Amino acid sequence: MKSPESHLDQYMPKLTPGVRNSWIDHLPEDLCLLLRNAMQTLSLEPGEHLFRQGDVPAGIYEVKAGRLKVYSYNEEGKETFFDVCSSGEILGDTSICAVESQLRSSASAIDEASIGFLSREIFDQLRKQYPQINAQLLQSISCRCIAALDMYEESHALKLEARAARRLYITAQRSGESLGENTASIQLSQDDLASLLGASRSKTNKVLKTLEAKGLIELAYGKITITDLDQLLMLSD
């Protein structure tokens, strides 16, 4: 079984809690500046939407500060939680490349957020003018697709405890607050974790209590503190 960051680290080379590099950072410096100078800055208040499910894709978004929750609703109105995006992450690029007519998910601010926005028209012009952008974008999207397949594989191959350990580890690396060399805190409800795992809340709670009893995590309302990232990673294999 691959380690949790096996494909993520191809476009996020060094995993450090709360720090993530976007694929834009892997472009030549002049192209990085070109893309970011073309961006508008958007400010979001907690609970404010960046985009909604069903919207027409308007462009790409780079999180500069703050955190966003990405989720969708089915026809019965049930919410499915997908991810928490933090500084350095890109949203909307897959929809632009797939030429989708509607966005499949919504994104709203968890706390105050600053977002760089590049319109679809400008982004498409730059992609045509600079092939390096398309090459780096393709690599990033490919890695994310493989990572998604890994998640599907683990849902069938791993027990719930190992899957939970893996999700907590990855979430801590991507959007957690570092509390020291081997500890991190993440803002994640048990309902959202259950949605990520495809498990019931009761089963998820039972697994979290087991991890807490092992001294790997500490639970609080809407918050999970990981006290030993290394051991959590070992448990996820």
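Every heavy atom of this structure was used, including side-chain atoms; hydrogens, water molecules and symmetry mates were not. Fair warning: this is a prediction, and the values are worked out from it, not measured in the lab.
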Colleague: Within this structure, what is the CD1-CG distance for the pair I226 and L216, rounded to the nearest 0.5 Å?
Modeller: 9.5 Å
Colleague: S114 and T41: side chain to side chain contact (heavy atoms under 4.5 Å, CB included), yes or no, with the steps?
Modeller: CA-CA 7 Å; S114 177; T41 299; 3.6 Å; yes
Colleague: Can L168 be reached from I110 by stepping across I, L, V, M, F, W or Y side chains whose heavy atoms are under 4.5 Å apart?
Modeller: yes
Colleague: Let me check something: do V63 and L42 share a hydrophobic cluster, defined by ILVMFWY side-chain heavy atoms less than 4.5 Å apart, either directly or through other members?
Modeller: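 Linked within one cluster.
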Colleague: Between H49 and L44, what is the shortest heavy-atom contact and its length?
Modeller: O-CD2, 3.9 Å
Colleague: A199: which residues meet the side-chain contact (heavy atoms from CB on, under 4.5 Å) condition with it, sequence neighbours left out?
Modeller: L160, L197, T204
Colleague: In Å, rounded to the nearest 0.5 Å, how long is the span from CG of L188 to NZ of K69?
Modeller: 9.5 Å
Colleague: Just by modelled atom types, is the C85 backbone N or O under 3.5 Å from a matching donor or acceptor in the D83 side chain?
Modeller: no
Colleague: Do Y71 and I90 land in one hydrophobic cluster if side-chain heavy atoms of ILVMFWY residues count as linked below 4.5 Å?
Modeller: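 Different clusters.
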Colleague: Rounded at 0.5 Å granularity, tell me how far CD1 in I133 sits from CG in D124.
Modeller: 10.5 Å
Colleague: Counting only heavy atoms from other residues, nucleotides and ligands, does the tally under 6.0 Å from CZ of R201 exceed 12?
Modeller: yes
Colleague: So, for E89 and V84, which heavy atoms are closest and what is the spacing to 0.1 Å?
Modeller: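 Taking every non-hydrogen atom into account, OE2-O, 3.7 Å.
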Colleague: Side-chain contact test, heavy atoms from C-beta onward, threshold under 4.5 Å: evaluate it for L137 versus F123 and give yes or no.
Modeller: yes
Colleague: Would you call L193 and L208 a side-chain contact if the rule is heavy atoms closer than 4.5 Å?
Modeller: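 Yes, close enough: below the 4.5 Å cut-off.
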Colleague: How long is the gap from NZ on K78 to OG on S195, to the nearest 0.5 Å?
Modeller: 7.5 Å
Colleague: So, Y61 versus F117, ring centres under 6.0 angstrom or not?
Modeller: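 Ring centroids of Y61 and F117 are less than 6.0 Å from each other.
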Colleague: With rounding to the nearest 0.5 angstrom, report the CG to CG distance, L126 to N134.
Modeller: 10.5 Å
Colleague: Could you check whether any side-chain heavy atom of I170 comes within less than 4.5 Å of a side-chain heavy atom of R166, counting everything from C-beta outward?
Modeller: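 Touching, per the 4.5 Å side-chain cut-off.
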Colleague: Determine the minimum heavy-atom distance between Q53 and Y73, stating which atoms define it.
Modeller: OE1-N, 2.8 Å
Colleague: Kindly determine whether D25 and Q136 satisfy side chain to side chain contact (heavy atoms under 4.5 Å, CB included), including the steps that lead there.
Modeller: CA-CA 10 Å; D25 291 312; Q136 191 61 53; over 6 Å; no
Colleague: Step by step, would you call L229 with Q173 a side chain to side chain contact (heavy atoms under 4.5 Å, CB included)?
Modeller: CA-CA 9 Å; L229 283 164; Q173 297 292 346; 4.2 Å; yes
Colleague: Compare every heavy atom of L219 with every heavy atom of I224, then report the nearest pair and how far apart it is.
Modeller: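 Looking at all heavy atoms of both residues, the closest pair is CG1-CD2, 4.0 Å.
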Colleague: Is E112 close to P46 at the side-chain level, that is, under 4.5 Å between some pair of heavy atoms?
Modeller: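 Yes, side chains in contact.
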Colleague: Please report the closest heavy-atom contact between I24 and C32, naming both atoms and the distance.
Modeller: O-SG, 2.7 Å
Colleague: How many angstroms lie between atom OG of S101 and atom CG of D55, to the nearest 0.5 angstrom?
Modeller: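 Here the rounded value is 11.5 Å.
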Colleague: Check the pair L68, F51 against side chain to side chain contact (heavy atoms under 4.5 Å, CB included), reporting the backbone distance first and the verdict last.
Modeller: CA-CA 11 Å; L68 280 78; F51 53 77; over 6 Å; no
Colleague: A side-chain contact here means heavy atoms from C-beta on lying under 4.5 Å apart; do I96 and R127 qualify?
Modeller: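 Side-chain contact under 4.5 Å: yes.
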Colleague: Would the distance check show the side chain of T227 and the main-chain N or O of G215 forming a donor-acceptor pair, the cut-off being under 3.5 Å?
Modeller: yes
Colleague: Tell me, please, which residues at least two apart from F82 pass side-chain contact (heavy atoms from CB on, under 4.5 Å).
Modeller: V70, S72, T80, S105
Colleague: Which pair of non-hydrogen atoms, one from W23 and one from S140, has the smallest distance, and what is that distance?
Modeller: CD1-OG, 3.6 Å
